[in-house]
Structure formats: C-alpha cells, structure tokens
Amino acid sequence: MKREEKTALTDIKYIKLVPVGSVNPNNPLSDSSKESQVAVLNRCLNDYPKGIIIGKDVTIGRYMIGEHELTMEKITYHVGFERKPQWEEDEKK
C-alpha cells in the first residue's frame, strides 16, 4: 500500500477561508450558490495540492419574523496548504 505522510501544522504556509452558508435573512443563498461554495471546499480538499481543515468558525443567526423564529448558519472552514494552489491564482486572473 502507498503510505501518505500527513501534513504537519508547521508545514502550513497558506490558509484559505471557505464560507459555506449565510446568516443574512435579507439575502438568502440559492441552492446553486450553496453548491458552488461546497464545490470550492471540495476542490480545496481533493485537488493538488491537497489542503487540510485546520479549523472552522460557526456563525448562527436567529431572527424573529412575526411569530416565527428563523435560524441560519454559516460555517467558515480554514483550509491549510503547504503552498498557495496554482488554481487559485488562475481564478483571480
């Protein structure tokens, strides 16, 4: 079997913040927007160079709309890389 070495935190040189979800009740995300956010997270974890999740922030918003309570959640994943992915540079151009 091929053994892959795990990335140590000291090897992390670049961190990308990937938000998934929204807590803004005035601008809810469409299903396609949520899918694109998850696609970015999957790309970070599966494409070369592979990133690792080193942390996450969870934001919860609770809103009263009339007699109903609306709860929204946004999770921001901190994905660490040994170097900045080339595909991210290409997307900014």
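Note that these values count all heavy atoms, side chains included, but never hydrogens, waters or copies made by symmetry.
- Side-chain atoms of Ile52 and Val79, non-hydrogen and from C-beta on, never get closer than 4.5 Å to each other.
- At a cut-off of 3.5 Å, with distance as the only test, a side-chain donor of Glu88 or Tyr14 sits close to an acceptor on the other residue.
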* Asked: So Ser22 and Asn27, side chain to side chain contact (heavy atoms under 4.5 Å, CB included) or not? Walk me through it.
  -> CA-CA 8 Å; Ser22 173; Asn27 190 15; 5.9 Å; no
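- Taking both residues in full, the closest heavy atoms of Phe81 and Pro49 are given as CE2-O, 3.2 Å, listed atom of the first, atom of the second, then distance.
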* To do: Take Val18 and Ile75, measure what side chain to side chain contact (heavy atoms under 4.5 Å, CB included) needs, and give me the verdict at the end.
  => CA-CA 8 Å; Val18 183; Ile75 300 174; over 6 Å; no
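- For the pair Asn42/Asp47, no side-chain contact is recorded, criterion being any heavy-atom separation below 4.5 Å from C-beta on.
- In the hydrophobic clustering, Tyr63 connects to Val23, Ile65, Leu70, Met72, either directly or through intervening members, whenever side-chain heavy atoms lie under 4.5 Å apart.
- Linking ILVMFWY side-chain heavy atoms closer than 4.5 Å, directly or via other members, places Val58 and Ile53 in a single hydrophobic cluster.
- The CD1 atom of Ile54 lies 3.5 Å from the CD1 atom of Ile15; values are rounded to the nearest 0.5 Å.
- For the atom pair CZ of Arg43 and OH of Tyr48, the computed distance is 14.5 Å after rounding to the nearest 0.5 Å.
- Under 3.5 Å, the side chains of Ser33 and Ser30 contain a donor-acceptor pair of N or O atoms.
- Pairs engaging residues 66-76 under the side chain to side chain donor-acceptor pair (under 3.5 Å) rule: none recorded [sequence neighbours left out].
- Proximity of Val20 to Val38: side-chain heavy atoms (C-beta onward) are separated by under 4.5 Å at one or more points.
- Contact of the His78 side chain with the Asp57 side chain is registered, since non-hydrogen atoms from C-beta on lie closer than 4.5 Å.
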